[in-house]
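Remember, predicted model here, so these are calculated numbers, not experimental data.
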Amino acid sequence: MGIKTKFKQFFELDDEPIEFEDDVQTPYAEDDELENSRVNRNQNKQKNSNQSNQNVVSLQSIHKNSRVVLVEPRVYAEAQDIADHIKNRKSVVMNLQQIPHDQAKRIVDFLSGTVYALGGDIQKLGPDTFMCTPDNVEISGNITDEIFED
């Protein structure tokens with residue numbers, strides 16, 4: 001009603017009653033309805049795409065080749081390089097026969113802490129042979145020490 005009084009005052013038509021029809025549509029009303037329906041569809045698409053993005057898994061992570069790195073350290077300083085392989089999600093098989101026993105123990109201790117921090121696993125495969133795996137690789141089965149007693 002406020003707009004009616006403004007029109008009356010502007011045109012000075014206080015003597016004649018003015019009636020407005022609310023059902024009259026201008027040619028632009030259809031455009032507004034179309035625009036509103038487009039906006040609603042875009043919002044629905046965004047909602048659906050946000051929901052579907054939560055279920056999307058990268059194919060590269062599924063089909064990524066696993067690597068096993070074979071190492072034979074000769075000094076304790078190589079332990080950090082071995083840990084870097086594990087951090088890069090590669091399995092490592094170590095042969096510690098070429099290194100003195102006390103340094104081999106230090107390497108195993110260092111890598112045990114690294115593997116534990118990354119949620120991986122370390123397992124003895126044989127005398128002076130160990131396998132370290134990151135969290136995306138699971139080791140199953142055991143090799144008994146009876147085989148290695150020979």
Side-chain angles (χ1 to χ4, degrees), residues 1-7 10 19-150:
M1 289 262 213
I3 198 161
K4 271 185 174 180
T5 56
K6 286 185 182 181
F7 277 144
F10 181 76
E19 293 183 22
F20 291 110
E21 293 182 21
D22 293 335
D23 296 336
V24 176
Q25 291 185 353
T26 63
Y28 301 111
E30 290 178 9
D31 292 339
D32 290 341
E33 289 175 12
L34 288 174
E35 184 63 30
N36 288 337
S37 66
R38 285 185 197 136
V39 169
N40 288 338
R41 277 185 279 169
N42 288 339
Q43 289 174 348
N44 289 338
K45 285 180 184 178
Q46 288 175 349
K47 287 179 186 177
N48 291 337
S49 67
N50 288 341
Q51 290 173 352
S52 65
N53 285 341
Q54 294 173 354
N55 297 331
V56 174
V57 177
S58 172
L59 290 177
Q60 291 177 346
S61 66
I62 294 173
H63 296 292
K64 192 174 185 179
N65 290 336
S66 298
R67 290 190 179 222
V68 177
V69 179
L70 304 175
V71 295
E72 200 168 6
R74 300 196 190 279
V75 292
Y76 175 75
E78 294 180 33
Q80 186 174 359
D81 296 334
I82 298 168
D84 289 339
H85 288 299
I86 299 167
K87 283 176 29 180
N88 291 329
R89 303 178 72 84
K90 296 176 186 171
S91 298
V92 176
V93 176
M94 292 184 301
N95 181 4
L96 300 173
Q97 293 176 349
Q98 302 295 324
I99 194 167
H101 184 68
D102 62 328
Q103 288 186 9
K105 285 176 81 175
R106 288 180 62 202
I107 289 175
V108 171
D109 289 341
F110 177 78
L111 292 175
S112 294
T114 302
V115 168
Y116 176 76
L118 296 174
D121 194 13
I122 186 168
Q123 188 169 10
K124 185 174 183 176
L125 300 178
D128 299 325
T129 306
F130 294 86
M131 182 173 191
C132 302
T133 57
D135 61 343
N136 64 331
V137 178
E138 182 179 331
I139 299 174
S140 61
N142 290 323
I143 299 176
T144 61
D145 289 332
E146 296 172 7
I147 297 172
F148 305 115
E149 290 178 0
D150 295 338

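Annotation: the span from Leu96 atom CG to Gln103 atom CD amounts to 10.5 Å, rounded to 0.5 Å. Atom-to-atom distance recorded for Thr114:OG1 and Ile107:CD1 is 11.5 Å, nearest 0.5 angstrom. To the nearest 0.5 Å, atoms NE2 (His85) and CG (Leu70) are separated by 10.5 Å.
The side-chain heavy atoms of Ser112 and Ile122, taken from C-beta on, include a pair separated by under 4.5 Å. Looking only at side-chain heavy atoms (C-beta outward), Asp135 and Arg89 come within less than 4.5 Å of each other. By the 4.5 Å heavy-atom criterion applied to side chains, Ser91 and Cys132 are not counted as neighbours.
Enclosure of atom CD in Gln80 is not indicated, since only 12 or fewer non-hydrogen atoms of other residues, nucleotides or ligands lie within 6.0 angstrom.
Between Val115 and Thr133 the shortest heavy-atom distance is CG1-O, 4.0 Å.
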Trace of the side-chain contact (heavy atoms from CB on, under 4.5 Å) decision for Glu78 with Ile99: CA-CA 11 Å; Glu78 294 180 33; Ile99 194 167; over 6 Å; no
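Between the side chain of Asn88 and the backbone N or O of Lys90, no donor-acceptor pair lies under 3.5 Å.
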